[in-house]
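Protein chains get the first letters and strands the later ones, always in sequence-line order, with residue 1 at the start of each. Keep in mind the model is a prediction, meaning the values are calculated, not measured.
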Amino acid sequence: MIDINLIREKPELVREALRKRQMDDAPVDRALELDLGRRDLIKQVESLKAERNAVSKEIGKLKDPAERQAKIEAMREVGERIAALDGQLHEVEAKLEALMAEIPNLPEARVPVGVDESHNVVIKTVGALPEFDFQPKAHWDLGPALGIINFEQGVKITGSRFYVLSGAGARLQRALIAWMLDLHIRQGYLEKYTPFMVKEAVMFGAGQLPKFADNLYRDHEEDLWMVPTAEVPLTGLLMGEILDEADLPLHYAAYTPCFRREKMSAGRDVRGIKRGHQFDKVEMYKFCKPEDSPAEFEKMVADAEQVCAELGLTYRINQLCTGDLGFTAQITYDIEVWAPGCGEWLEVSSVSNVGDFQARRANVKYRPADGSRPRFVHTLNGSGLGMPRTLIAVLENYQQADGSVVVPEVLRPWMGSIDVIRSET
RNA sequence: GGAGGGAUGGCCGAGCGGUCUAAGGCGGCUGUCUUGAAAACAGCUGUGGGGUCACACCCACCGGGGGUUCGAAUCCCUCUCCCUCCGCCA
């Protein structure tokens, strides 16, 4: 949620920001109009309430029955006017709130302006594209050949786009998750294990609702929504709280499965495990003071890079342009790793500074040490990393001519005696 | 799933239709005293909204929502959560 006061005071700035996102700026006019109506109604209804409060207090003290009765009747009338105006006010507020809830975050000034992903900017590439003296296979060939990815079983028990990991494949993914979490702990994050289902209010707070309801799975009978990313429950942890300045920053890391209903086009990303309705991810998340968020952002990007680097993967950082930014983000860097088998850069991480956008929705504040009034915190999130794609990259980069896969050094503590994944393992 | 009991400020806890402007205690802040500290004493100590150049002032909030009433922390309905007991369960 952006600040209604910002729209009121600097409407042009908001208009410009929305245009950069390829959006119509009509919501600005509508918000201004509703805000004006809202304040007008508040003035009316509150002055009536002040009158009623004062007179009701008098009534309590009045002895003369006639005088008392006259005032009661007068106030009954005032009460009716209050009820009518309150009704109008609620209506206007609901409209304004609904409108504000669908306005995306404003891009930072330094974000490159662009229409769509074709205008994203590669900031740096680390490592060289690996060379093979044989034709590297894609994971959808490697995995089944090694018996570690089974597409048929996933389809059998759940449906299209689901798969089963087996043996060393399942173990390799578990190793990645455990190793990543341990790395983030060393980087200063506190590990969290959260519910994988949350209430609607938490989905709203994290910015998933109401706009992206189509992409979420939910329980039909209860107010339970399956998380599309750990960012959601982590945002919710501090919902409605006022922290002390000394508590900040808070750095959290969490592993969760992620559930996304997104409708996927038939021709795109259909092969392999790159995109599914369920995937695992290790997430980094921060709550910090507003003035600290730019530095925290750079640090989080570096933390995600370290994961790629220690895995020995070639990666690049891609800055999203204004037209490609997510709903809640004011700046985002995607990290992509090279997958030599399928021959493409795979997005394994997306790191965003959300500013106070989620903090406003979830109402997370902190009280400055000088005792001044509470301010919204800033939040940041970043994958560290997304699982199936990291798994793809490991399999495709570490494959050998005979179809076996060498286990990266850092993962070996979790792989038992398996240093090389072969078809018989 | 069944039966009962609860939810009040940062914390504990009173209040059960008008003087609640929410008692009292604890904690915190400021001041007096002190070389300093402690103790004692005095004052202050929530959030959001409206309003104002800034004040003043006004409105709302006693778990959430709705209702009754001139007036609700207090009465009614409903939801959520917590506790106790029974049942079921990894």
May I have the step-by-step check of ring-ring contact (aromatic ring centres under 6.0 Å, His included) for H277(A) and F162(A), ending in yes or no? CA-CA 7 Å; H277(A) 292 300; F162(A) 289 88; 5.8 Å; yes
Please name the nucleotide paired to [N] by Watson-Crick or G-U wobble geometry with both distances under 3.5 Å, or report none.
{"N": "A40(B)", "value": "U32(B)"}
{"N": "A14(B)", "value": "none"}
{"N": "G9(B)", "value": "none"}
{"N": "G46(B)", "value": "C61(B)"}
{"N": "C53(B)", "value": "none"}
{"N": "U69(B)", "value": "none"}
{"N": "C85(B)", "value": "G2(B)"}
{"N": "U74(B)", "value": "none"}

Between E51(A) and D35(A), which residue's closest nucleotide on RNA chain B lies nearer the 5′ terminus? D35(A)
Assert: residue with more 5' nearest nucleotide on RNA chain B, out of R52(A) and I242(A), is I242(A)
Is there a residue in residues 72-94 of chain A whose heavy atoms reach under 4.0 Å of RNA chain B, and which residues are they? I72(A), M75(A), R76(A)
For F204(A), does the six-membered ring have the charged nitrogen or CZ of R361(A) within the cation-pi criterion, i.e. under 6.0 angstrom from the centroid and within 45° of the normal? yes
Interatomic distance where [atom1] belongs to [X] and [atom2] belongs to [N] [whole Å]:
{"X": "I4(A)", "N": "G50(B)", "atom1": "CD1", "atom2": "C1'", "answer": "14 Å"}
{"X": "L48(A)", "N": "G50(B)", "atom1": "CG", "atom2": "C1'", "answer": "14 Å"}
{"X": "E58(A)", "N": "C70(B)", "atom1": "CD", "atom2": "C1'", "answer": "11 Å"}
{"X": "M239(A)", "N": "G63(B)", "atom1": "CE", "atom2": "C1'", "answer": "14 Å"}
{"X": "L41(A)", "N": "A60(B)", "atom1": "CG", "atom2": "P", "answer": "16 Å"}
{"X": "I42(A)", "N": "C61(B)", "atom1": "CD1", "atom2": "C1'", "answer": "15 Å"}
{"X": "K49(A)", "N": "C58(B)", "atom1": "NZ", "atom2": "P", "answer": "15 Å"}
{"X": "K43(A)", "N": "C57(B)", "atom1": "NZ", "atom2": "C1'", "answer": "15 Å"}

Between [M] and [N], how far apart are the [atom1] atoms? Round to whole Å, please.
{"N": "C82(B)", "M": "C76(B)", "atom1": "C1'", "value": "23 Å"}
{"N": "A73(B)", "M": "C61(B)", "atom1": "P", "value": "7 Å"}
{"N": "G17(B)", "M": "G13(B)", "atom1": "P", "value": "22 Å"}
{"N": "C59(B)", "M": "A72(B)", "atom1": "P", "value": "13 Å"}
{"N": "A23(B)", "M": "C62(B)", "atom1": "P", "value": "15 Å"}
{"N": "G43(B)", "M": "C81(B)", "atom1": "C1'", "value": "39 Å"}
{"N": "U47(B)", "M": "U32(B)", "atom1": "C1'", "value": "32 Å"}
{"N": "G63(B)", "M": "U80(B)", "atom1": "C1'", "value": "8 Å"}

Donor-acceptor contact below 3.5 Å, side chain [X] vs main chain [Y]:
{"X": "S423(A)", "Y": "L146(A)", "answer": "no"}
{"X": "R260(A)", "Y": "G276(A)", "answer": "no"}
{"X": "R367(A)", "Y": "P374(A)", "answer": "no"}
{"X": "N353(A)", "Y": "G355(A)", "answer": "yes"}
{"X": "S383(A)", "Y": "E283(A)", "answer": "no"}
{"X": "N120(A)", "Y": "C321(A)", "answer": "yes"}

Any chance you could measure F196(A), atom CZ, to Q278(A), atom CD, to the nearest 0.5 Å? 10.0 Å
Gap between atom CH2 of W225(A) and atom NZ of K199(A) - 0.5 Å precision: 14.5 Å
Quick one about H378(A) and Q358(A) (side-chain donor to acceptor, distance below 3.5 Å, no hydrogens or angles considered), yes or no? no
In terms of side-chain heavy atoms of [X], which of [options] is nearest?
{"X": "I59(A)", "options": "G48(B), C70(B), C59(B)", "answer": "C70(B)"}
{"X": "S56(A)", "options": "G71(B), U47(B), G51(B)", "answer": "G71(B)"}
{"X": "A50(A)", "options": "U21(B), U47(B), C59(B)", "answer": "C59(B)"}
{"X": "R8(A)", "options": "U47(B), G71(B), G50(B)", "answer": "G50(B)"}

Could you list, one pair per line, each protein nitrogen or oxygen that sits under 3.5 Å from a nitrogen or oxygen of nucleotides 73-80 of chain B, together with the distance?
none

Looking only at side-chain N and O atoms, does [X] come under 4.0 Å of OP1 or OP2 in [N]?
{"X": "R39(A)", "N": "G51(B)", "result": "yes"}
{"X": "N53(A)", "N": "C70(B)", "result": "no"}
{"X": "R38(A)", "N": "G50(B)", "result": "yes"}
{"X": "R373(A)", "N": "U47(B)", "result": "no"}

Give me the ring orientation class for [X] and [Y]: parallel if the planes are under 30° apart, tilted from 30 to 60°, perpendicular past 60°.
{"X": "F357(A)", "Y": "F327(A)", "answer": "perpendicular"}
{"X": "Y189(A)", "Y": "H184(A)", "answer": "perpendicular"}
{"X": "F297(A)", "Y": "Y333(A)", "answer": "tilted"}

Taking everything shown except M415(A) itself, do over 12 heavy atoms lie less than 6.0 Å from its CE? yes
Close N/O contacts between protein and nucleotides 6-12 of chain B (under 3.5 Å):
none

Given the structure, check if the side chain of E46(A) and the base of G49(B) hold any donor-acceptor pair shorter than 3.5 Å. yes
